[in-house]
Amino acid sequence: MKITIHRGTNQIGGCITEICSEGGTKILIDLGRNLPSENNDYDEYDNPATLSALLEGVEAVIYTHNHGDHVGFFANIPEHIPQYMGAMGREVMQNTLEEQLNTAQRAGRTQRAEELMGAIARLGEFRTYATARTFHIGDIAITPYFVSHSAADAHMLLVECDRKRVLHTGDFRDHGFTGKGLTPTLVRIGQVDALIIEGTMLSRDGSASKSEYQIQQEMLELMGRYKNIFVVCSSTNFDRLAGLYQDTLKIGRPFVCDKYQKRQLDTLRKYSGKHSWYYNVRNALPMSLNAKSLHKNMFEQGFTMVVRNNANFRKWIGFIKEHIDLAETLCIYSQYLGYLEEQPSLREFVDSFGCKVEYIHTSGHASPEAIEEVCRTLNPRSAIIPIHKDATSDFHTLNLPDELKAKIIAADTAQLGIPI
Ligand SMILES: [Zn+2]
Ligand SMILES: [Zn+2]
């Protein structure tokens with residue numbers, strides 16, 4: 001077996017890993033776009049010739065989860081190459097793309113709408129996998145294992161061929177609501193020959209690793225102090241939304257969103273509600289200017305409203321502000337702080353509420369301690385291959401035994417390809 005990290009050894013996001021068996025079966029794990037940065041949306045794989053050279057001989061592309069830095073090129077992949085993802089992750093993507101299509105159509109952006117229709121059709125052809133169910137591509141066996149991350153339905157992938165076992169962690173953490181499942185999952189997987197593992201948090205502030213439970217407690221405390229709460233957060237960060245929803249229920253106020261967010265929460269309920277009551281978000285109420293009885297409840301009891309930076313929410317917030325006391329109102333900003341600097345319109349949107357703003361957020365990525373736990377538990381026989389990390393982050397700074405440190409593969413070696 002040979003593992004090649006085409007991209008990700010020196011950057012966060014834009015992940016591309018290739019695994020090739022001795023028998024010649026070649027698969028890719030993730031084919032992500034570079035994370036957008038302030039002035040630079042360049043991506044070398046946006047070039048059809050570069051992308052088709054990468055895809056030469058590839059028999060399947062398997063995604064760990066649906067974040068754009070892992071799945072970004074799915075619509076550009078030729079139809080003869082099957083693509084795989086978890087069923088819930090696929091549906092969440094479909095909800096998002098259909099919402100973007102509605103927006104493009106309303107704005108008369110015909111070319112964008114056509115692109116989105118193509119992407120939705122391609123997504124419809126995805127094959128889906130389920131946790132702990134092995135499937136085969138040629139002589140390679142792949143077993144996904146559910147893992148906690150800020151994206152819904154994220155999976156680690158165990159890849160087996162040539163009597164070798166490799167685990168690709170994708171993006172993961174142990175501080176989400178389902179994070180305590182991590183160690184039992186690793187124990188179930190057992191020893192591997194090689195471990196391909198994300199290292200995002202090695203270059204980020206460690207205080208970002210508060211648990212989702214702590215985040216939920218902090219939000220509940222703020223709900224006790226403020227009657228009206230606006231929350232700026234991702235519509236697909238389901239741990240965050242479920243925590244907010246359960247807090248709001250506890251305090252006895254309406255949980256308000258828009259039709260798109262409601263649709264995402266229905267997807268959460270459909271797939272995860274059967275595993276835990278916690279994700280049974282059944283009473284999210286979609287806002288509209290005609291919903292008179294909802295308005296009455298909101299203005300009497302207070303509310304939690306999950307907001308997005310768009311024209312509808314701007315209109316609704318303008319209306320709501322005429323009926324509430326801004327001194328009793330708080331905006332919780334609950335996503336990556338950098339977006340406020342990168343997106344002036346988001347900063348202006350948050351300022352437009354005219355109320356106090358609190359920042360409460362935690363990362364979707366593994367803390368250094370969680371990375372150490374995975375390395376120790378899986379105890380790879382021959383290689384630890386760091387990905388999804390900044391060029392300056394060094395796994396040798398982790399608290400690991402020397403015999404494991406000796407197995408850490410350097411970035412340039414991983415890019416050239418490692419025989420396992
Ligand atoms: Zn990522
Ligand atoms: Zn991710």
Side-chain angles (χ1 to χ4, degrees), residues 5-17 28-37 41 43 45 61-74 83-86 88-93 95-97 126 129 131 144-157 167-179 182 195-205 208-209 212 233-241 264 267-268 272 334-339 342 361-368 370-371 374 385-391 393 395 411 414:
I5 310 297
H6 287 285
R7 195 159 69 177
T9 54
N10 282 326
Q11 65 175 59
I12 293 171
C15 296
I16 308 171
T17 296
L28 292 184
I29 297 179
D30 291 341
L31 182 44
R33 284 185 183 273
N34 285 335
L35 286 170
S37 63
D41 283 338
D43 193 309
Y45 291 103
V61 183
I62 300 138
Y63 300 108
T64 55
H65 65 291
N66 65 12
H67 278 157
D69 59 316
H70 298 256
V71 71
F73 283 101
F74 80 93
Q83 304 184 66
Y84 290 77
M85 182 183 276
M88 179 186 180
R90 199 206 66 80
E91 188 168 308
V92 168
M93 265 178 94
N95 294 342
T96 304
L97 290 169
F126 270 33
Y129 59 62
T131 188
Y145 289 94
F146 172 80
V147 74
S148 173
H149 178 45
S150 49
D153 206 22
H155 291 81
M156 296 184 163
L157 299 174
L167 187 79
H168 187 300
T169 65
D171 291 350
F172 75 100
R173 60 177 177 177
D174 67 354
H175 54 273
F177 289 131
T178 52
L182 179 64
L195 171 64
I196 305 166
I197 180 166
E198 73 128 315
T200 316
M201 292 304 285
L202 265 54
S203 58
R204 293 197 182 162
D205 181 3
S209 300
E212 281 295 337
C233 79
S234 159
S235 306
T236 56
N237 187 343
F238 289 144
D239 270 10
R240 194 66 43 83
L241 290 167
Q264 292 290 23
T267 297
L268 171 67
S272 306
S334 192
Q335 60 185 16
Y336 174 54
L337 210 46
Y339 294 147
E342 291 161 16
H361 184 49
T362 192
S363 170
H365 296 281
S367 63
I371 296 170
V374 175
I385 306 168
I387 60 165
H388 208 281
K389 60 171 258 308
D390 275 339
S393 298
F395 268 47

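When a ligand or atom number is given, it counts from 1 through the structure's own listing order.
- Legend: residues meeting salt bridge (charged side-chain N to carboxylate O under 4.0 Å, His left out) with Glu91, ordered by chain and number and at least two apart, are Lys270.
- A donor-acceptor pair is defined here as one N or O able to donate and one able to accept, closer than 3.5 Å; no such pair exists between the side chain of Glu212 and the backbone of His175.
- For the Zn ion (ligand 1), protein N, O or S atoms closer than 2.8 Å were enumerated as Asp69 OD2, His70 NE2, Asp171 OD2, His388 NE2, with waters left out.
- In this view, Arg90 satisfies the salt bridge (charged side-chain N to carboxylate O under 4.0 Å, His left out) rule with no residue, not counting sequence neighbours.
- Looking at Thr169, its side chain does come within 3.5 Å of a backbone N or O of Glu198 through a donor-acceptor pair.
- For Asp171, there are no salt bridge (charged side-chain N to carboxylate O under 4.0 Å, His left out) partners at least two apart in sequence or on another chain.
- Taking the side chain as every heavy atom from C-beta outward, Thr178 and Ser272 never approach each other to under 4.5 Å.
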